[in-house]
Amino acid sequence: MVQQISIMDAKSHVDEKVKIGVWLTNKRSSGKIAFLQLRDGTAFFQGVVVKSQVTPEVFELAKEVKQETSMWITGVIHEDSRSKFGYEIEVEDLEVVGESEEYPITPKEHGVDFLLDHRHLWLRSKQPWATMNIRNEVIRATYEFFNQEGFIKMDSPILTGSAPEGTTELFHTEYFDRDAYLSQSGQLYAEAGALAYGKVFTFGPTFRAEKSKTRRHLIEFWMIEPEMAFMHQEQSLEVQERYIAHLVQSVIDNCQYALDILGRDVETLKKYTKLPYPRISYDEAIDLLKANDFDVDWGVDFGSPEETFLADHFDQPVFVLNYPKAIKPFYMKPHPTRDDVVICADLLAPEGYGEIIGGSERATDYEYLLDQVKKAGLDPKDYAWYLDLRKYGSVPHSGFGLGLERFLTWITAEDHVRETIPFPRLLNRIYP
Ligand code: 4AD
Ligand code: MG
């Protein structure tokens, strides 16, 4: 019996005869030899079919088989130093499993709208394959990191009656005879979790009806939101930078092949494992921007050019601390000596990728928070449970949210955040 393996396992089967279930991605052939580009979901490699070594039927099949036909191949694994993958298979037998019609995504270049319309098929191509593998590694390393640090994973609801990040970007839905919204953030629930279990993190889809059509915005994105009791902002920043460094190191260690496919330079990534990351205040950021000819006044939120400048200035991810209260959500802790800023931080990624984390210390005083809820135009009845957390043993607590796709866009150096999620939801796209 010939052993069935995956392409990824080829390295442990050199000179052995194996059987692999594959799809054809491309091919070229001459009268005597056919080169089949193959994939099986675990990796991509080449199958070589030599006319003199196989039956006429097998050689004929190898020459005629169409792109994306699925097949069983049997053959011997060889090292192949010319390919990125390092191994190839010398095919002895080939059996078609499922024929393919004319495949729309041919090996030539295609426009991005065409590719997005065919995302269900585009996912099979090399670049999305590599990106989704890195996404998987980042999710794995997230669970690993928070487990090591003593957090528990706590799921927050998707259907909610609250609007932590502002009421303008809510997706409304009916909840029987009441109103409900799709979650913008699991944070408020994570706060209840932190006061119950100490250190928790949520990880789930979040929804923002943002009319933004930028390369950083998704309508549906996945967010990791840790929340920690008995913790001030400075300790939270240390957790944040250790977490980012752990993710980057895990991708370097476990995704070499995928990084290679994407052409992402590993030396650049290594820089981001060096801690600590620089910290500057919002005030200092404004001064730095002004000194470099940016037209910014104290009080504005930063746009993409400002964020790009700040992180590139340090050539590292940089924490910008204590933004103006007026541009941040209601739940952030007020500054002890200034009433115009709150205790918060955004982490800005270099190379033009902007904000990847938003976080803060949370307001702990019941009366202050009640006032903030009202000022934000929210109904205190909907937030009674959240306010309760300040009534029964309120403690200093802090948390943050990492946008998974924003982080991935930076790590993979993709042009657009839509590349990093299997089926992107964009302003004008909900298909496929
Ligand atoms: O800064 P944001 O809005 O913060 C929160 O939601 C807090 N409740 C987090 C917390 O403290 N628990 O969002 C956090 C992160 C951003 O830094 C960004 O990485 C990502 O979520 N993000 C988006 N990613 C893709 N598309 C969008 N439209 C995003 N909006 C935010
Ligand atoms: Mg933010």
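In what follows, residues are counted from 1 in the order of the sequence shown. Both ligands and their constituent atoms are indexed starting at 1 by order of listing.
- For ligand 1, the polar-atom distance check finds an N/O of Leu218 within less than 3.5 Å of one of the ligand's N/O atoms.
- Closest to atom 7 (C) of ligand 1, if we only count protein heavy atoms, is Glu165 OE2, 3.3 Å.
- A salt bridge is defined here as a Lys NZ or Arg NE, NH1 or NH2 lying under 4.0 Å from an Asp or Glu carboxylate O, and Lys328 with Asp301 fails to meet this definition.
- A salt bridge links Asp388 to Lys391: at least one charged side-chain nitrogen sits closer than 4.0 Å to a carboxylate oxygen.
- Comparing heavy-atom distances from atom 17 (O) of ligand 1 across Glu405, Glu355, Arg418, Arg406 singles out Glu355 as nearest.
- Note on ligand 1: Arg216 sits in its first shell, one or more heavy atoms being nearer than 4.0 Å.
- Nearest-residue assignment for atom 22 (N) of ligand 1 (options Tyr353, Trp222, Phe221, Trp410; heavy-atom criterion): Phe221.
- Ion pairing of Lys19 with Glu95 is absent here, as no side-chain N (NZ or NE/NH1/NH2) approaches a carboxylate O to less than 4.0 Å.
- When all heavy atoms are compared, the tightest approach of Tyr272 to Arg264 is CE1-NH2, 4.4 Å.
- Interface of Ile357 with ligand 1, defined as ligand atoms under 4.0 Å from a residue heavy atom, comprises 17 (O).
- Listed by number with element, the atoms of ligand 1 under 4.0 Å from a non-hydrogen atom of Ile356 are 17 (O), 19 (O).
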Going through the distances and angles, do Tyr323 and Tyr282 end up as a ring-ring contact (aromatic ring centres under 6.0 Å, His included)?
CA-CA 5 Å; Tyr323 283 73; Tyr282 173 87; 5.4 Å; yes

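- A salt bridge between Asp315 and Lys271 is present, with a side-chain N of the basic residue lying under 4.0 Å from a carboxylate O of the acidic one.
- Aromatic rings from Phe201 and Tyr143 are positioned such that their centres are separated by under 6.0 Å.
- Every atom of ligand 1 is numbered from 1 in the order shown, and the set under 4.0 Å from a heavy atom of Tyr331 is 7 (C), 8 (N).
- Less than 4.0 angstrom separates some heavy atom of Arg362 from each of these atoms of ligand 1: 10 (C), 11 (O), 12 (N).
- Here Arg216 does not pair with Glu405 in a salt bridge; the nearest charged N to carboxylate O distance is not below 4.0 Å.
- Salt-bridge annotation for Glu227 and Lys199: absent, with no side-chain N of the basic residue lying under 4.0 Å from a carboxylate O of the acidic one.
- Look at Glu99 and Lys66 and you find no salt bridge, because none of the NZ, NE, NH1 or NH2 atoms lies under 4.0 Å from a carboxylate O.
- Annotation: atom 15 (C) of ligand 1 to nearest protein heavy atom, Gly401 O, 3.6 Å.
- Those atoms of ligand 1 with a heavy atom of Ser185 less than 4.0 angstrom away are 6 (O), 8 (N).
- In the vicinity of Glu210, heavy-atom distances shorter than 4.0 Å reach the ligand 1 atoms 27 (C), 28 (N), 30 (N).
- Between Lys153 and Asp155 there is a salt bridge, with a side-chain nitrogen of the basic residue lying less than 4.0 Å from a carboxylate oxygen of the acidic one.
- The contact set between ligand 1 and Met223, taken as ligand atoms under 4.0 Å from a residue heavy atom, comprises 6 (O), 13 (O), 14 (C), 15 (C), 21 (O).
- Checking Asp346 against the Mg ion (ligand 2), every N/O/S atom stays at or beyond the 2.8 Å cut-off.
- The N, O or S atom of Glu355 lying closest to the Mg ion (ligand 2) is OE2.
- Taking distance alone, with nitrogen or oxygen atoms compared against 3.5 Å, Ser360 stays at or beyond that limit from ligand 1.
- In this comparison of Glu220, Gln187, Arg208, Glu169, the heavy atom closest to atom 6 (O) of ligand 1 sits on Arg208.
- Short contacts between ligand 1 and Glu225, defined as distances under 4.0 Å to a heavy atom of the residue, involve ligand atoms 7 (C), 8 (N), 9 (C), 10 (C), 12 (N).
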